[in-house]
Structures are given as structure tokens and as C-alpha cells.
Amino acid sequence: MLVLSRKKGEAILIGDDIELTVLEVEGETIKLGIKAPRDVRIFRKEIYSAIGQANREAVAGPVDAGMLQALFRTNQEPHE
Amino acid sequence: MIVNTLHFGEIEVPDGQLIEFPHGMPGFEQHRRFALIESPSNPFAYLQNVDDPYVGFLVTDPFTFFPNYEFDLDEEWREQLRITDPGDVMVRVTVKLGDGLSQATANLLGPIVINMRERLGQQVVLYPSAYTTREPLLQGTHESGGLAASGEEERHARTQP
């Protein structure tokens, strides 16, 4: 991992069009300003990871087969 | 196309009915093409990846089970989903089954938003949000007996302009 030291007001350029600026440092919290093209998706990692974890747990595995059949049993073949 | 599913065997899905998730979903970034398998009068549906039989999610309409559920869809998400008419939008949430429906939880923190006109989907990451990835599915309803019926009404109310 590349490690850079930055002071308040200083910035980092990533590639041609992403700019990260340290706006504020207060105790353990730093406030970052991010300039990026609109199609670059930006997430708080722990929230993205929590949803990823939830998705991995929610994938309907073999263990869920009985429940799933029961949920869809009263209907004809599931269809689009 | 013929879609292979772990739980429902082979299912024929017209190509126009596929839903493209350009970024996949968190944890499944490479899984991009899904089919939403629904049956009439069932509050649940199945979101099946068409390239991987083992990746499928039980989903439901969150407004059926959580009538007060709401979130703002930021402009960035609306742009990415090319939403111009709110009437094109369908929202589903994944349901994690426990030992029974009484144990089931819904992921209200990461709703799946689909632009049905464009056949484009994204799992939205809400922030800030008071919701979690594990909201008990049956907490918001008084009794489970009427679920299917109320879900049906809700669906029709929402899909018929």
C-alpha cells in the first residue's frame, strides 16, 4: 500500500480526474473532499462491505430449498 | 434464453426480460445479468443470476412488509439508473431465510432498485440510514395470515398507474 503524508488543505491526485483533499483534521476524524467523475462510485467501505456480507449470507443455498419450494408451491411454475 | 437455476430447474426467460446490473451487487461484482422470477399473487420473487445457477436471492417488495419504509434515491443513483420517470422504478429487498419465515430478515440498508423501462438494476447503499441489513421480516405486520393478500394489493396499487 502506498502511504502518503498530507496536511490540512493538501491534496492527492489519482489518475487524471480524481482528487482527494484533506479538508479538516479533528482528533481521530479527518474530513476528505473528493472530486471525481460522476460515474465513479464512491462508498464508505464498511457499509459497502456490510451489504456484501449480507448478500453472501442471503444467497439461497441448498439448505433453503425446502423453504423456497414451500414459498412458491401454491403457484404454478414461477415465470417471468 | 434458458436460465439454469439451483432451485427451480431450467426456466425460459425472454432476452428482453433480463435485468442488467452494470456493477453486479456488493460481494457479487462480476454477476451482472439477472432475471426476476415472479409468480402471480406471491409477495416473494426470486432474483436469479442468469450466468450462475448458484447465485440467486429471495426478494420481496419492502413496502409490503415494512409499510413505513422509505429512502431518498440520490441524484447519482438516479443518473446511473437512467431514471427519468419514478413510475419506472421497482424496489426489492433481499430476504435471508432462517429456519422459518418467522426467522427471516430483510436487507433494508441495501435496497435493490430497478429501472424496469431500461432493465437496469443497482443495489443501492444507503447512507445515512437507520435501517440495517437484518430487519425481521414479520415485525412490521400484525399477523402473518394476511400477508399474501395485502402484498397482492400493494403490488397492484404500485404497478398500475
Side-chain angles (χ1 to χ4, degrees), chain A residues 1 11-24 26-80, chain B residues 3 5-9 11-14 17-18 23 25-29 35-49 54-59 75-77 79-80 94-101 104-107 109-110 122-129 132-134 148:
Chain A
M1 183 191 291
I12 292 170
L13 295 174
I14 302 174
D16 294 332
D17 43 19
I18 298 178
E19 185 175 330
L20 287 183
T21 308
V22 178
L23 297 177
E24 216 178 281
E26 218 183 286
E28 295 210 320
T29 304
I30 64 169
K31 203 170 265 183
L32 293 176
I34 304 168
K35 272 192 215 162
R38 297 195 70 91
D39 60 343
V40 172
R41 305 189 322 147
I42 299 168
F43 299 104
R44 290 164 182 79
K45 184 176 175 182
E46 71 280 7
I47 301 174
Y48 186 91
S49 300
I51 290 176
Q53 178 67 25
N55 283 343
R56 283 187 289 272
E57 291 174 8
V59 160
V63 67
D64 297 314
M67 281 287 296
L68 280 176
Q69 321 274 296
L71 281 176
F72 290 97
R73 182 194 296 147
T74 48
N75 305 277
Q76 313 95 338
E77 289 273 79
H79 60 81
E80 182 73 7
Chain B
V3 176
T5 76
L6 175 62
H7 292 292
F8 304 108
I11 291 179
E12 168 83 46
V13 177
Q17 298 285 302
L18 296 184
H23 304 281
M25 285 162 59
F28 296 89
E29 285 78 3
L36 187 64
I37 301 165
E38 301 179 283
S39 10
S41 74
N42 191 329
F44 296 100
Y46 200 72
L47 188 65
Q48 173 70 51
N49 183 262
Y54 291 94
V55 173
F57 302 91
L58 183 66
V59 297
E75 196 184 336
E76 287 79 8
W77 290 106
E79 272 181 22
Q80 287 182 33
T94 57
V95 173
K96 179 180 183 295
L97 286 170
D99 291 334
L101 259 194
T105 57
N107 180 353
L109 185 63
Q122 293 251 29
Q123 187 171 25
V124 171
V125 177
L126 297 182
Y127 185 90
S129 172
T132 72
T133 57
R134 291 179 190 187

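Residue numbering restarts at 1 for every chain, and letters A, B, ... go by the order of the sequence lines.
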B/Leu97 side chain reached by A/Val63 side chain, heavy atoms, under 4.5 Å:
no
Side chain from CB out, backbone as N, CA, C, O: work out which of these in B/Leu47 comes under 4.5 Å of a heavy atom of chain A, or both, or neither.
neither
What residue, out of B/Gly98, B/Pro26, B/Gly27, has the most heavy-atom pairs lying under 4.5 Å from chain A?
B/Pro26
Given heavy-atom pairs under 4.5 angstrom as the criterion, report whether the side chain, backbone, both or neither of A/Tyr48 touches chain B.
both
For A/Val59 and B/Tyr54, work out which heavy atoms get closest and say how close.
CG1-O, 3.3 Å
Tell me, side chain or backbone of B/Gln48 under 4.5 Å from chain A's heavy atoms, or both, or neither?
neither
Using heavy-atom distances under 4.5 Å, tell me whether B/Val59 contacts chain A through its side chain, its backbone, both, or neither.
neither
Between B/His7 and A/Ala60, is there a donor-acceptor pair closer than 3.5 Å when you use the side chain of the first and the backbone of the second?
yes
Look at the aromatic rings of A/Phe72 and B/Tyr46 and report parallel, tilted or perpendicular, splitting at 30° and 60°.
perpendicular
May I ask you to test the A/Met67-B/Leu58 pair for a side-chain heavy-atom distance under 4.5 Å?
no
Quick one: pull up CD in B/Gln123 and CG in A/Asn55 and give me the separation to the nearest 0.5 Å.
4.0 Å
Contact origin within B/Leu109 toward chain A - heavy atom pairs under 4.5 Å
both
